[in-house]
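Position 1 is the first residue of the sequence, and the numbers go up from there.
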Amino acid sequence: MSFLTARSRPAGQLGLLLLALPFASAHAAPTSSAWAAVAPQAADTVRGVVYDSLTNTPLAGAFITGEGAGVSTTSDSTGHFVLASDARVSRLTAFHDALDAMGFGALTLARPTGTERWTGADLVTPSIGTVWSRVCGLDLPASDNRGVVIGSARLPDDTTRLAGASIRVQYEEILPRTGLRQLQELEAITDSVGSYVVCGVPIYEEAAMLGTSSTVQSGPVRVALDGRPLRRIDLVLGQVDGPVDRWPTVTGRVENQKGEAVAGARVVLTERDSATTTDSSGTFAFPQVPPGSRMVTVLAPGYGVVIAQIDVLYEGTVSPIISVAPAFSIAGLEGIPVTERSVIRRSRTEFEERRQAGIAQYVDSSAVRVAGSLRAALAEVPGLIVETAPGSQDSAQYEILGRGRSLAVQSCRADVFVDGVPAKITDFYDVATDQIAAVEVYRSNAFAPSQYQKFVSGDCALVILWTRYGLRP
């Protein structure tokens, strides 16, 4: 096992570093004396965008509030918003689930000094380079497959922060020369207020995290950055050898995306020898669960597997509501005649293995049908840019570009394959919508399977279109 120690920071600083990161704005916040000189009489109509610089994507559905005016709005699919107010807006605040997951909580922007009417404002997260510099004390690494995990460690009383706890992150890494898998470990120690930072966690591979101290520990917690270079994970560390009769009962509910109960789902709790099944109301219960952070796995027929973290406290443990989505399916394959159904083709087997491992982004045939075209479906994939081909007025002729790592970096032309064979983008035009089985997208060629890397020379996105014939049983 190779041991890598995460870069540490002075005690007491970690919990405030992320909140202190500067958000993009054109002007500084006004002083109190400046406010006194401005009469609160002009109305504001603020137009802007909520944008995540870490992934170069707009934040759709962000909730934006205007302080001082009591107005709010929601960003559209491109992250843009219009906030109209009859009074002066003193501050903008944007909330989004992605901001919570990254540890920002919210993006805020104060009214520029001396502004009579506030008309334009952008709420933007710090860049990944800024995060590495401020939080890790390091320059941004050359590889874009390394992210940052921040968080805190606390006791099951939900109040006491735990200093001096060891936070270990383990993951498998493929050695470049031999192709063998080797276990790697990163470690950080919580500071005086229980905060930690682990730098260098793989973005596209899953990892496991464990918090330990002299008398308490958490359960193993799944770390999945899902392509985002920043994630916040808070851990609860409890005594695993304490009085069993005082351990709490964990109850929860499994429902589908419509909020309907899912009965008969199998629910597994880590560090337990048994599983349970949801009843007709979708609820489940685990009695006498040791306090600490745990993982639950939900397997429901017809739905995708869901793995979620729950924090078991001495009192007031939140009953989780776990939402499951329909399983990824390749529609229409059953209509293709085959002679040897007992033989599974290698390309389909490898495709399924990659999909289960979650190392790429996937679009199934139903998503293409809902979007109306392959072009429209690809345009919804984070990290891809789909534009009409240069010199063409026909929207059916397009090119696929990969995004740079910052707004200043130019995009690059993605490499494309059809049924595992190198292709031209014009080959995509010839595939009928009803013949598309699935598409897998890699943000960078460096993370694509080795059998495809040898056909490309750059380091842009890679898109593989699979037809019903290419993924036939």
Side-chain angles (χ1 to χ4, degrees), residues 97-98 100-101 149 151-159 170 206-212 216-226 231-329 352 355-358 362 364 366:
D97 289 344
D100 291 338
V149 177
S152 65
R154 68 189 192 278
L155 295 178
D157 61 8
D158 204 25
T159 301
Q170 292 185 344
E206 288 190 6
M209 173 182 290
L210 182 70
T212 60
V216 293
Q217 70 178 46
S218 72
V221 173
R222 175 176 177 262
V223 181
L225 273 66
D226 297 327
R231 176 73 188 277
R232 182 182 183 96
I233 299 178
D234 297 312
L235 296 178
V236 174
L237 282 62
Q239 291 182 328
V240 295
D241 57 353
V244 177
D245 58 348
R246 296 182 57 185
W247 287 352
T249 294
V250 174
T251 60
R253 171 183 164 89
V254 178
E255 59 184 36
N256 59 24
Q257 294 177 312
K258 297 180 180 180
E260 301 167 337
V262 176
R266 179 179 172 84
V267 185
V268 182
L269 185 66
T270 57
E271 301 184 19
R272 295 299 297 268
D273 295 331
S274 61
T276 188
T277 303
T278 56
D279 59 19
S280 58
S281 63
T283 60
F284 63 88
F286 285 99
Q288 298 179 332
V289 178
S293 295
R294 312 290 171 199
M295 298 299 293
V296 291
T297 302
V298 178
L299 305 98
Y303 295 92
V305 178
V306 175
I307 305 175
Q309 177 183 338
I310 61 171
D311 294 328
V312 184
L313 309 174
Y314 291 141
E315 296 180 358
T317 297
V318 176
S319 298
I321 298 177
I322 301 174
S323 178
V324 292
F328 185 99
S329 61
E352 292 293 345
R355 183 175 64 82
Q356 293 293 336
Y362 290 86
D364 64 11
S366 60

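Considering CZ of R266 and OG1 of T278, their distance stands at 12.0 Å, rounded to 0.5 Å. Put simply, CG on L313 and CG on D157 are 8.5 Å apart, with the number rounded to the nearest 0.5 Å. Rounded to the nearest 0.5 Å, atoms CD (Q309) and CG (D311) are 5.0 Å apart. From L299, atom CG reaches atom CD1 of I307 across 8.5 Å, with rounding to the nearest 0.5 Å.
With salt bridges taken as basic N to acidic carboxylate O contacts below 4.0 Å, none links K258 and E260.
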(request) Mind running side-chain contact (heavy atoms from CB on, under 4.5 Å) on L269 and T276 for me, showing each step along the way? (result) CA-CA 9 Å; L269 185 66; T276 188; over 6 Å; no
(message) Is there a side-chain contact (heavy atoms from CB on, under 4.5 Å) between T251 and T283? Walk through the geometry before answering.
(response) CA-CA 7 Å; T251 60; T283 60; over 6 Å; no
(request) Using the side-chain contact (heavy atoms from CB on, under 4.5 Å) rule, take V223 and R231 through it: C-alpha gap first, then chi angles, then the decisive distance, then the call. (result) CA-CA 9 Å; V223 181; R231 176 73 188 277; 5.7 Å; no
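Donor-acceptor pairing under 3.5 Å is recorded for the side chains of S366 and D364.
Side-chain contact check for V221 versus M295: some heavy-atom pair is nearer than 4.5 Å. Here the side chains of Q239 and P291 are not in contact, with every heavy-atom distance at 4.5 Å or above.
The backbone N or O of G151 lies less than 3.5 Å from no partner atom in the side chain of D234, so there is not a single donor-acceptor pair.
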